[in-house]
Protein chains: 2
Amino acid sequence: MVDRSRRDLAAMIVPLGRALTLAELPILQAHDLTMWGYMVLLRLDAEPIRTQAALAEAVGADKTRIIGVLDDLEARGFIRRQPDPNDRRARLLSLTEGGRLARDAAQAAIQHREDEAVLARLTPADRRGFLNALKTLSQEAGESQ
Amino acid sequence: MVDRSRRDLAAMIVPLGRALTLAELPILQAHDLTMWGYMVLLRLDAEPIRTQAALAEAVGADKTRIIGVLDDLEARGFIRRQPDPNDRRARLLSLTEGGRLARDAAQAAIQHREDEAVLARLTPADRRGFLNALKTLSQEAGESQ
DNA sequence: TATTGTTATACTCTATAACTATA
DNA sequence: TATAGTTATAGAGTATAACAATA
């Protein structure tokens, strides 16, 4: 008989992630962004990136998967996609001012909702531990894929 | 300019969940279980359940999705699937002793790995807060779907 | 010959519709 | 007629393969 002091981490975290994602969708929709588009804006905001394949990997997508996403973001002026002068096969990807504004607006709404509906339900100590743990654990979780 | 004191919760949690899931797969494979099969065993361990549709919903699957899973688990003697005498349309689902042993063995291995590779990297305070928060937040995350 | 981006194709997973049996 | 389970079919999302441009 196993001492069931806790459930499996994945069994708690995966449904929680799904619920958070589901809650983001209407907010993103209100800001006229898809989840993939938003993820790309988040990633490019950190720093420009040199190839689409690298960007795709950074957001956990296939390189063929994000082409339509980039087409759309570029057409709306949210990102720049310029051939690298030093290697014209590659596309230099960066965020425009408009892209940054769109990202900020969406992210502010998302984090506001997270504060109100999620973090507010934790004690200050648990909230602090939760955020610290996520910061620590999510770092290499993203890298390992 | 947004104060980027933290990333979006979903942006941290979803990749973490994916990494945890990925790490479970080889362990489950070593115990000759699929992820869906394991999820069913976990759910049935809590208590028997009266219809397949209810079980499917409890594990976040479509009712057509788990039929093959149940076929396999039943054939290997891990679950019982008996027509309800009071309503022979429904199937009473419960865990056998063999199913419980299989679940325990897999779960012990999974949680051992989680302790070593995940929780051990947190400070005691963060670990406590993390687990408390997950317990609180995952409760209704599962219900809301 | 190798790499970047793109397009076309195939595949996996999931949900929908249609069917059988029980009520 | 309505519901539980099953099977067959269709759809969404993703990855694989093939291609054009550049190195």
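Since this is a predicted model, take the numbers as computed values, not measurements. Just so we're on the same page: letters track the sequence lines, and every chain starts at 1. These values consider heavy atoms only, across backbone and side chains, with no hydrogens, waters or symmetry-generated copies.
- For the pair A:R6 and B:D115, the salt-bridge criterion is met [side-chain N within less than 4.0 Å of a carboxylate O].
- A salt bridge does not link B:R113 to B:E116: none of the charged side-chain nitrogens sits closer than 4.0 Å to a carboxylate oxygen.
- Note that the OG1 atom of B:T51 and the CD atom of B:E57 stand 9.0 Å from one another [nearest 0.5 Å].
- Under the 4.0 Å criterion applied to side-chain N and carboxylate O atoms, B:R76 and B:D32 are assigned as salt-bridge partners.
- With rounding to whole Å, B:L55 atom CG is found 14 Å from D:dA4 atom P.
- Distance from the side chain of A:T51 is smallest to C:dT4 among C:dT16, D:dG5, C:dT4.
- C:dT12 atom P lies 18 Å from atom CZ of A:R65, rounded to whole Å.
- Each of B:R50 and A:K63 was matched to the nucleotide of DNA chain D holding its nearest heavy atom; the match closer to the 5' end belongs to B:R50.
- Note on B:D126 versus A:R128: no salt bridge recorded, every NZ/NE/NH1/NH2 to OD/OE distance being 4.0 Å or above.
- Rounded to a whole Å, the CD atom of A:Q52 is 10 Å from the P atom of C:dT7.
- Distance, A:I67 CD1 to C:dA8 P: 11 Å, rounded to whole Å.
- A straight line from CG of A:L70 to P of C:dT6 spans 8 Å, rounded to a whole angstrom.
- Across residues 78-93 of chain B, B:D87, B:R88, B:R89 each have a non-hydrogen atom less than 4.0 Å from an atom of DNA chain C (numbered order).
- Rounded to whole Å, the distance from CD1 on B:I66 to C1' on C:dT14 is 14 Å.
- Within a 6.0 Å radius of CD in B:Q82, more than 12 heavy atoms belonging to other residues, nucleotides or ligands are found.
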